Amino acid sequence: MPGHSRRNPRSRIKSSSAVDSGDDDAVRQSPDISTRHRDRTKSRHSIRIFNVNLKVMVGFSFIAFFVILYLIRSLMAVGDHQTPRVITPFPAPRVIDLPQFQGEHKESLYWGTYRPHLYLGMRARTPRSLLAGLMWLGVKNGRYFMRHVCQDSDELSSYGWTHHNARDFGHQVLVDQDMTLATSFLKTKESGSGYGGDWTVRIEVNSKKSEEADEMLRTGHLFFYLADEDGNSLSLSSDAMDMHETSLLASGSRSDIGNWQLHLKSREDVKIHYSGFKTAHFHNLSELVQENLGTQARKFGRLQLSDTSDDSSNILVFQISGRIPFKIDMTFISGTGFPGSREEERVNRLTGSSLTDRLKEKQLEFDTKFEKCFGLANKFDLESTTVGKAAVANLLGGIGYFYGQSKIALPGASHPRSRDSFLFYWPAELYTAVPCRPVFPRGFLWDEGFHQLLIWRWDIYICLDILGHWLDLMNIDGWIPREQILGAEALSKVPEEFIPQHPSNANPPALFLVMRELVHGLKRNAFTAKESSKISSFLERAFVRLEAWFQWFNTTQPGKEESSYYWHGRDSSPIRELNPQTLMSGLDDYPRASHPSEDERHVDLRCWMLLAADCMHSISELSMKGKEVGMVYSLAANTLSNFELLNQMHFDDAYGTYLDFGNHTEKVRLIWKEVMVEQGYTTRQLIREVLETPTLRMVPHIGYVSLFPLMGRIIPPESWILGKQLDLISNRSVFWTNYGLRSLSKTSSLYMKHNTEHDAPYWRGTIWMNMNYLILSALNHYATEDGPYRERALTIRDELRSNLIRNVVRNYHQSGFIWEQYNQKTGKGKGAHPFTGWTSLVLLIMAEAYTES
């Protein structure tokens, strides 16, 4: 509802893009890290591990040495220039400058559906591109509505890519009330074409309504546009409105692709109108079109563009209206006007029956590659396989290209809108998959680690390209901003106060999940010689950045005790939150210690650090970085995987599971109080009340965090603790549901509790696919290890897998979407949709392609 906002893990979403999940709408970003100094006196609960063994001491000495060496080198690299450290790029060659990402590779990926926030949007992988996009008029309750930007308020029954190969082909179906649009995208590189080649878009419009329906339902109105971000003028064809004379609509020239032309071909009798605009702003094009249509309707009573153009227009919009059903082909060819460019022949090959044949070939190629990568044909029926294809197609079709500057919050800034409260990161580009086209159409650091578990299996070169772009966003300290809101279109989706990124805040280093997969693949010769060479070159170039990232975590997120870690930056003096959030952990409102302090120890972060250390050790061995470097990470990994130390720090005998540690009390509640607000009047608000002095203790909330040691395979297969973990997983009062494992136990005092008046529970009971996938991977590991719990792990693995797949497939066919999360009571999808980011991992679950240890 307007005026309400739903809490979400990344940032508040503007206006009509709000998610309708049955919960109230969203919340705040995490607050600035507290600058208060706390008493560091150790309590009786503290655990000393300084004298565990000499190797641990040596290992951490090596780490300290490399940290100091790294800082010295960094300072030398910065020299005397005055750029603040936080916005100084990491002083090493960029990963994406490797030769493997240049030449043919770069050109082959130049054009694409890289504007995922639109129902259909094209651009090139260049900072200032020629943009293309589709709008149409939907009809609901006798009124027209403009469709352009993906948003839940449009209430489309379903939409998404049924096929997409991330390179040169995609097919999408959009159901808008009684109208169905099918869009197909094809890209080619032919003799005579300019840089990046040619592309075409086919749009087919159909309707459920009969010929007897009124004119509104029988006539379709499409709006296809080109816009030049460089401000170059676009030339309108003199016969653009007469398809009988020519198919040419517009032409122009750019330094990157040379001369170009846009053509329209259709066998149906469609009418064409146009409007040209001159503007430097491109995120509100639908508003310009609606204003033009509104003016025409008021003046002349007709629903058509004005057939006028501003001087030196850099935007051309073409309205194509026809009796439903109809089909059009919009074809873009580059490198025109030169001898041998064969424009007419190229247009004919990308339109009509020739295009139909080529699209069929591409769809068959997709289906063949899908089966080769995931092998579902003999495992599932067509209904399930369709969902698997939609999962990977939408993940690949959701890959976008963004360019801009992140805003970096300054410590202690109280007014995020003021110019002196933030700094601008350097101008940067990002090629990345996105979690959700209408709600989260931008890059998110920890999501991307899960995305790449799928993408590397589909196209290793695209995976490496994306990873390189993310690592190149690292600053001199080894920090990567967790949310990338780059460019005007991305910024338009997020309120100003939630845009600045906090350089003290971490985010799970989930990119190490895919790094580990690549390393294991190299070790077992799973790649071709060419692929192995490219991966090795990538890891060699990326190593220094991965090392800096590891050291950033190791020096900014440690706990008081040796080898302990906690997510820094929680609000230490909450007023309105029942339990202070930990947004930087990715698990947002998952219950942690009630009173944040430096005494905290977080199970999940410790396990993320083990993953990172173990992966760094493996990469250093492959890259021949030397024994000293390898020893550093080997000793760090050995310490973090030490089962006895883990149990001393995090295992609770009373609950029989792993828990966080911190300053905690269960006697906290929200009560209504009269509060004086800045405007000078009082209002009733829910305010936190603490009824008991907190003490340092284990935090008694069993949930996903409790299973991180299992996910990390730290528990020995013969340990009784593994049996206890399996008990908890299969317990219907704790984790188990018929639809997947819930995020928080029903026995928790915060199970499905609101965190504020409007912040509905998020990671407090609902089912999330990324965690279920990691748990399944661990169960698969223990199901293949000798030990007393092998058969039980196998049984639980198979049943959990079946529950997850069945529920996602059922929801997809009932609702038309893959969802962000699933209700633990009913299995119904909820939250953002279509959420084809990490929920697409359901495909790997179908394929039984689990992460390796």
Side-chain angles (χ1 to χ4, degrees), residues 10-11 74 77-78 81-98 101-102 105-106 109-110 112 114-117 123-129 131 229-230 256 282-283 398-410 422-435 440-449 451-452 462-494 496 498-503 505-507 509 511 538 541-542 544-546 548-549 552:
R10 287 90 174 177
S11 63
S74 297
V78 175
H81 79 70
Q82 299 302 307
T83 304
R85 285 189 64 84
V86 72
I87 58 171
T88 299
F90 188 78
R94 295 196 312 170
V95 179
I96 59 172
D97 287 338
L98 279 168
F101 299 128
Q102 310 307 312
H105 170 87
K106 189 171 185 177
L109 294 174
Y110 194 66
Y114 299 142
R115 302 170 74 200
H117 63 293
R123 70 165 295 133
R125 290 205 319 171
T126 188
R128 300 186 66 81
S129 171
L131 309 176
E229 289 186 304
D230 267 334
D256 52 354
F282 301 93
H283 63 274
I399 292 175
Y401 175 89
F402 307 90
Y403 184 85
Q405 292 178 266
S406 292
K407 282 186 176 180
I408 309 302
L410 293 175
F422 63 86
L423 297 170
F424 278 109
Y425 227 45
W426 61 89
E429 59 182 343
L430 179 62
Y431 174 60
T432 185
V434 305
F440 307 123
R442 51 194 175 276
F444 292 90
L445 181 55
W446 93 294
D447 294 65
E448 201 58 37
H451 299 164
Q452 294 311 312
I462 286 179
C463 169
L464 296 176
D465 200 330
I466 289 174
L467 292 174
H469 275 83
W470 271 103
L471 292 176
D472 285 345
L473 292 171
M474 181 178 292
N475 77 359
I476 192 171
D477 294 316
W479 173 72
I480 304 173
R482 68 185 183 93
E483 181 175 356
Q484 296 294 324
I485 313 169
L486 304 177
E489 290 189 309
L491 288 165
S492 69
K493 299 281 283 184
V494 185
E496 182 70 27
F498 303 110
I499 293 173
Q501 301 293 294
H502 298 264
N505 289 357
N507 211 208
L511 295 184
F538 170 86
R541 174 68 63 90
V544 65
R545 292 176 182 269
L546 294 172
W549 200 25
W552 182 86

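Just so we're clear, the structure is a prediction, and the values are computed from it rather than from any experiment.
- Under 3.5 Å, the side chains of Thr432 and Gln484 contain no donor-acceptor pair of N or O atoms.
- Within the structure, every pair that satisfies the salt bridge (Lys or Arg N to Asp or Glu O under 4.0 Å) test and touches residues 86-95, not counting sequence neighbours, is listed here: Arg94-Asp97.
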(request) Evaluate the ring-ring contact (aromatic ring centres under 6.0 Å, His included) criterion for residues Tyr403 and Tyr401: first the C-alpha distance (whole Å), next the side-chain angles of each, then the deciding distance (0.1 Å), finally the verdict. (result) CA-CA 7 Å; Tyr403 184 85; Tyr401 175 89; 7.2 Å; no
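- The backbone N or O of Pro481 lies less than 3.5 Å from no partner atom in the side chain of Glu483, so there is not a single donor-acceptor pair.
- The closest donor-acceptor contact from the side chain of Gln405 to the backbone of Tyr425 lies under 3.5 Å.
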(message) Assess the residue pair Leu511 and Glu448 against the criterion (side-chain contact (heavy atoms from CB on, under 4.5 Å)); give the C-alpha distance rounded to whole Å, side-chain angles, the decisive distance to 0.1 Å, and a yes or no.
(response) CA-CA 7 Å; Leu511 295 184; Glu448 201 58 37; 4.1 Å; yes
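- A cation-pi geometry, defined here as NZ or CZ lying under 6.0 Å from the six-membered ring centre and within 45° of its normal, does not hold between Arg545 and Phe90.
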(request) Report the C-alpha distance between Val95 and Phe101 in whole Å, list the side-chain angles of each, state the deciding distance to 0.1 Å, and finish with yes or no for side-chain contact (heavy atoms from CB on, under 4.5 Å). (result) CA-CA 9 Å; Val95 179; Phe101 299 128; 4.2 Å; yes
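- Partners of Phe538 under the ring pair (Phe, Tyr, Trp, His ring centres under 6.0 Å) rule, at least two apart in sequence or in another chain, do not exist in this structure.
- In this structure a side-chain-to-backbone donor-acceptor pair under 3.5 Å is missing from Asp477 to Trp479.
- Between Leu445 and Leu473 there is no side-chain heavy-atom pair separated by less than 4.5 Å.
- Put simply, the side chain of Asp465 never gets that close to the backbone of Tyr431: no donor and acceptor are under 3.5 Å apart.
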